[in-house]
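Hydrogens, waters and symmetry mates are skipped; everything else that's a heavy atom, side chains included, is used.
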Amino acid sequence: MEKSLARYIWSNTRLQQLWILTVVAVSMIPYFLSFDLPKQIVNGPIQGSGFEGQGATQTFMRLVYTFPVIGEVEFFKGVELDRLQMLMGLSLVFLALVVLNGLFKFYINTYKGRLGERMLRRIRFELIDRVLRFPPSHFKRVKSAEIATMIKDEVEPMGGFTGDAFVSPALLGGQALTALAFIIIQNFWLGMIAAAIVGVQAVVIPRMRKRLLELGRQRQLTARELSGRVGEIVDGIGTIHGNDTSNFERADIATRLGLIFSIRYDLYQWKFLVKFLNNFLAQVTPFLFYAIGGYLALQGRLDIGQLVAVISAYKDLPGPLKELIDWDQMRQDVQVKYQQVYEQFNVEPLIDGKIQEMPAAAIGALSAPLVITNLTVSDDSGARLVDHVSVEIKPNETVAVVGPNSSGAEAFAEALGRLVWPDSGRVTIDGKDLLDLPESITGRRISYASADTYFFHGTLRDNLLYGLKHAPLREPQYDGKEALEAKWYAEEAVKAGNPTMDINSDWVDYQAAGATGPDDILTAIRPVLDAVLISQDILDLALRSTVNTSVHVALAEHIVDLRSALRQRMQETELGNIVVPFDFDAYNPQATVGENLLFGSMKRPMMNNRRLAAHPYFQALFRQTGLSNDLYAMGLEIAENAVELFHDLPPDHPFFQQLTFMTADDIPTYQALLQKLQSRRFDDATPDERSAIIRLSFAYIEPRHRFGLLTDELMEKIVNARKQFHENIPEDLAAVIERYDPEHFISSASLMDNVLFGRIAYQQADASDRIRAIMGDLFDKLDLFDDVLSIGLEFDVGSGGKRLTMVQRQKLNLARALLKRSDYFVFNRPMSALDQRVQDQITRNIVEGLHKEGERPAIIWVLSNAKLAEMFDRILLFDRGALAEAGNFPELSEQNGMFKELLS
C-alpha cells in the first residue's frame, strides 16, 4: 500500500491531473484581463480619457502582435467607437469575461468532482480487496464496525481531496498571484501592503491550525472507537441482558460521549479563533487601501481607475487565499486520515491476490490424497493446539476425528479448512501447499462447515446457493436505456480501477450442484435439505408466507384441488372434522368474530384493523345493524371476565398465552376502564373507549375462550352484517379486501390459510402438526412440493441469519456445504446446537448420502459422539494436540486405550 497520499493520487491520476492543470493555466488569461478591464472602463469612457474632442472615437478590439524577425502583424484592425459605444462595448467584454471565467470554474470543478469520486471508488474498493485478503488470524484482533466505519466515512474526504490535490494550489495560487501581481503593477506600495498581509495569513494561520489537526485526529479515533463499541453492544446484546450489565454499558457510552464532546468543543473554539483572526486580517487590508490609496489619489500619484481596479482585484484576493489555506489544512488532515488507514490496512502477511483470481479454465476434481506433514498450530497466546501431526487422507476415505474438548481435533479441522495457518509443517495436495492453492480450487473442491455460522442478509435461497457463486456464468441481457447504462457503468469501473463484473449476472454454478440451470436446481437442493432435516422447517415457513401468484402460477391453479384433496384425506382418517371450512352463509365458530364479520383477507399494509374500523362505510354498517351495541356489550363482558379471572395472576403465568385479546399489561388498563364505564351504556363512552372495548370482542373465539358470550342470535346477526358488508362494499374497500372464495386463490392470505380454507378446531391437540404432514404429502403427490419449497426459500433470514434459530442456522450451514458436492468435506463439530439423537441421524444421512451411486468424496468429521465413528473407514484420536491413536473402529474399540474410554 502506498504510504503517501499525494504519491498515491499522482500515480493513479497523472494524466488527468496534467490535463486539468493545463486548463487552469489557460484560465489565468481571462482572469487577469477581468482585473484590467474595470480600469479601462473608468479611465476611458466614464472619465473621458481619449475622448476629449467633439465626436472623438477610439479603436475597439484591434488585435495586433509583434513577432521576432517578421515584425508587427495585425489580425484585426478593430472598430472605431464613440464614447458611449466604447462604454457599452467594454461592458459587454467584461460580461463575456465573467461568463468565460464562470465556464472555466464550472468545467474545472466538475472535472475535479468526477476525478475525486473515481478515486474514492478506487480506494474503497482497494481497501475492501485488502480486507478479503487479510490473514484469518487478523480478524480476531479487529472490530468489524471500525473497519466498516473507516471504509465508509474516514476515506470520504480523500475522494474530495483527490481533485484538489494538485489543481487547487495551481488554480487558487494562480488566482492569488495574478491578483497580487496586478495590484503591484498598479501601485508598488499598495502591492507590498497586500503582500505583507498575505504573508502573515500564509505563515500564522497554518501554524495555528496544527492544533486543529491534532484535535481532528483525536475526534476521528474516538468516533471510530465509539462505532466499534456500539457494534459490540449490538452483537453482544444477549450477554448484556443475561448479566444485567446494561447500565455498565450506558456508563461506558456516556464516558466516551463525554470525551468526544470535550474534543469537539475544544475543536469548535479553536476553529472559530482561527476564523476570527483570518477574517480580521482580510478586513484590515481594505482599510489600508481606502486610507493609503485614497491619500495617493488625492496627491495625484494614483488615478481613480487604478484605485478602483486595485480594490476590485483585492476583493478577489482573500477568497483564493482563504481557500488555499483551507486546502493546506485539508491536505494535512487527509494525510493524517490516510496514515491511519495505511496503518490499519497495511497488514502482513497478506493473501496473494493471485490466489483469489478467477480461473480461465474449468476446475477439475482433486484426485490426490491430502497429506498433512508435521503440522503445528498455535493460538494467539502461543499455546500449541496441534503438535507435530502427520497423517494422509485418501480422496475416497471417510475419517472420524475424535477427542475430548481442547484435544486439538477442532484446530486440526480448521487447518484443513484454511481457517488457521500452521506455525510449521504443511498440508499438501499433489505436492502443492494448501495455502498456495487458488481459492477457486479450495473453495469449490473442499467444503468446510463448523458450529460457527454466518449468513448474509437475504433470502434462504441466496444463502443456500452462496457456495456456488464463484464467477459470473451468464451475463444479463440488457436492451435500450439499460444497455447504455450498463456500458457507462462498465467504462466508469475501468477508469476507477474496479472490476467490470456485473452483480446482475447469474453467478450460480448449477452444474456443480448437479443441475442444468435455475429450472431444476430444486431437484438438487431438496435431497440436501432432507439429509439435514430442515425440509419441514422450510415447508412451515412456506405455509406461513403469502404467495406471489404471478410467479407460482401452478400452485395458485391447483389450490382448489388441494383443498378438496385435504378434505378427502382428513375424512379417511380420524381428523374428519378437525377443520371447520369457511361458509358465506354460516358462522365459523373456530374463527374470531372479526374474521367472521369480514369474511376475507386484507391486503396489508394498504389496509389493517385500525383503518378498517375508522372507515365511514364500516362505521355506518355497525350503526345500521346494531352490532355496535352488541359487540360493545360483549366486549364489556370479556373485559370483566378477564379482569376477574386473571388480575391476581403474575404476568408470566401460562394462562395469559390463551388470551389472544389481552396481555398481562392490559389488565390494569381495562380494570380502570371498567370502573369508569359502570353505566355500561354505549353512548356514555368516548370513541377511544368504545374502540378499546369492541376490540376485545373482535378477537373472541368461543371454543377457545369459553366465556359463553356467542348466542345463536348474535352469530346470525354477524352473518347478516357480513352479507350486507360485501353486497354494498365501496370500490376503495373492495380493492384492498379479498373475499373468501372456495373456487379461487386468495393472494393476500397465507398458503396455509389458502389450503385449509377454514380454521382448525382448538379442541384437537397436535392437530396443526398432523395437518402439515398431510399437506406435505399432498404437495408431493400433486408435484407441487418444489413450488412450495421455493416459497419457503424466499424467506428473509435477517441480519446474520438471526431470524432463524441456531438449530436452523447450523442445519442450513451444513446444507450449503453439501450442495457444492466437493471432493473433500471437512465437518468440525457442525451441529453443537442439536440434540444427540438428531446429530446422529443427520450424520448417518450425510455419510450414506454422499457415498452412493459411485460417488465417494473424502469426509473428515470431528465427531461429538465417538460411537458414530463406527460408520467411518478410519479414526484419528487427538489428545492435548497430538495424534494419540489411529486405526479403524474394530481395532481401536478392542484396545484398552483412550478411544475405548470415550465409547464408555
Side-chain angles (χ1 to χ4, degrees), residues 1-24 107-134 138 142 144-171 220 224 227 327 330-348 350-358 439 471-472 484-505 507:
M1 211 176 157
E2 183 61 64
K3 193 170 184 177
S4 169
L5 178 61
R7 281 200 298 270
Y8 178 80
I9 292 173
W10 181 256
S11 62
N12 288 293
T13 61
R14 184 186 305 108
L15 295 178
Q16 292 91 335
Q17 298 286 0
L18 290 173
W19 163 249
I20 198 64
L21 287 173
T22 303
V23 175
V24 167
Y107 179 80
I108 291 169
N109 288 323
T110 303
Y111 195 91
K112 284 195 308 179
R114 184 170 55 182
L115 194 61
E117 289 303 314
R118 283 179 184 161
M119 180 56 68
L120 179 61
R121 179 177 176 178
R122 177 188 293 273
I123 192 170
R124 278 177 170 161
F125 179 83
E126 289 188 8
L127 293 180
I128 294 172
D129 175 73
R130 294 183 76 84
V131 170
L132 292 170
R133 293 163 54 202
F134 280 172
H138 186 71
V142 298
S144 59
E146 290 188 14
I147 293 290
T149 299
M150 294 187 76
I151 294 176
K152 173 182 172 289
D153 296 326
E154 295 189 27
V155 301
E156 181 90 24
M158 299 176 196
F161 180 73
T162 297
D164 293 326
F166 301 100
V167 177
S168 284
L171 177 62
Q220 200 76 47
R224 189 194 312 158
S227 176
W327 170 87
M330 183 171 66
R331 177 189 63 80
Q332 297 180 57
D333 189 34
V334 170
Q335 181 59 44
V336 169
K337 287 186 172 68
Y338 183 80
Q339 187 64 33
Q340 293 173 7
V341 171
Y342 173 81
E343 292 170 359
Q344 187 76 33
F345 287 86
N346 192 38
V347 177
E348 295 295 340
L350 209 62
I351 297 174
D352 192 336
K354 294 181 180 178
I355 288 179
Q356 296 180 346
E357 289 180 353
M358 282 194 297
E439 288 185 0
L484 294 175
E485 289 180 350
K487 182 180 179 182
W488 181 81
Y489 281 126
E491 291 172 352
E492 281 297 316
V494 172
K495 292 174 182 176
N498 285 199
T500 57
M501 297 176 288
D502 192 339
I503 191 64
N504 295 316
S505 303
W507 288 67

- Nearest heavy-atom neighbours spanning Pro472 and Ser505: CB-CB, 3.7 Å
- Message: Using side-chain heavy atoms (C-beta onward) and a distance below 4.5 Å, is Arg122 in contact with Lys495?
- Response: no
- Query: Can you list the steps and then say if Trp19 with Val23 is a side chain to side chain contact (heavy atoms under 4.5 Å, CB included)?
  - Reply: CA-CA 6 Å; Trp19 163 249; Val23 175; 3.7 Å; yes
- Query: Does the Asn504 side chain pair with the main chain of Asp502, one donor and one acceptor, at a distance under 3.5 Å?
  - Reply: no
- Query: Does atom OH of Tyr107 have more than 12 heavy-atom neighbours from other groups under 6.0 Å away?
  - Reply: yes
- When rounded to the nearest 0.5 angstrom, what is the spacing between CD1 in Ile108 and CG in Leu21? 9.5 Å
- Message: Measuring only between side-chain heavy atoms, which start at C-beta, is Ile9 closer than 4.5 Å to Gln17?
- Response: yes
- Item | With sequence neighbours excluded, residues passing side-chain hydrogen bond (donor to acceptor under 3.5 Å, both in side chains) with Tyr342 | Asn346
- Could you grab the distance from atom CZ of Arg130 to atom CD of Glu126, nearest 0.5 Å is fine? 8.5 Å
- Message: Taking Phe125's backbone N and O only, do any of them form a donor-acceptor pair with Asp129's side chain (distance below 3.5 Å, no angle check)?
- Response: no
- Item | Any Arg121 side-chain heavy atom under 4.5 Å of Glu117 side chain | no
- Query: Within a strict 4.5 Å, meaning less than it, do heavy atoms of the Arg124 and Leu120 side chains meet?
  - Reply: yes
- Query: Is any side-chain heavy atom of Val341 closer than 4.5 Å to a side-chain heavy atom of Met158?
  - Reply: yes
- Query: Any idea how Phe345 and Phe134 line up, ring-wise: parallel (<30°), tilted (30 to 60°), or perpendicular (>60°)?
  - Reply: tilted
- Item | Distance in Å, Leu115 CG paired with Asn12 CG, rounded so as to fall on 0.5 Å steps | 10.0 Å
- Item | CA sep, side-chain torsions, deciding dist, call: Gln344, Val142, side chain to side chain contact (heavy atoms under 4.5 Å, CB included) | CA-CA 9 Å; Gln344 187 76 33; Val142 298; 3.7 Å; yes
- Any donor-acceptor pair under 3.5 Å from Gln356 side chain to Ile351 backbone: no
- Side chain to side chain, Glu2 and Tyr338, heavy atoms closer than 4.5 Å: yes
- Interatomic distance, CD@Glu491 vs OG1@Thr500, rounded to 0.5 Å, equals 11.0 Å
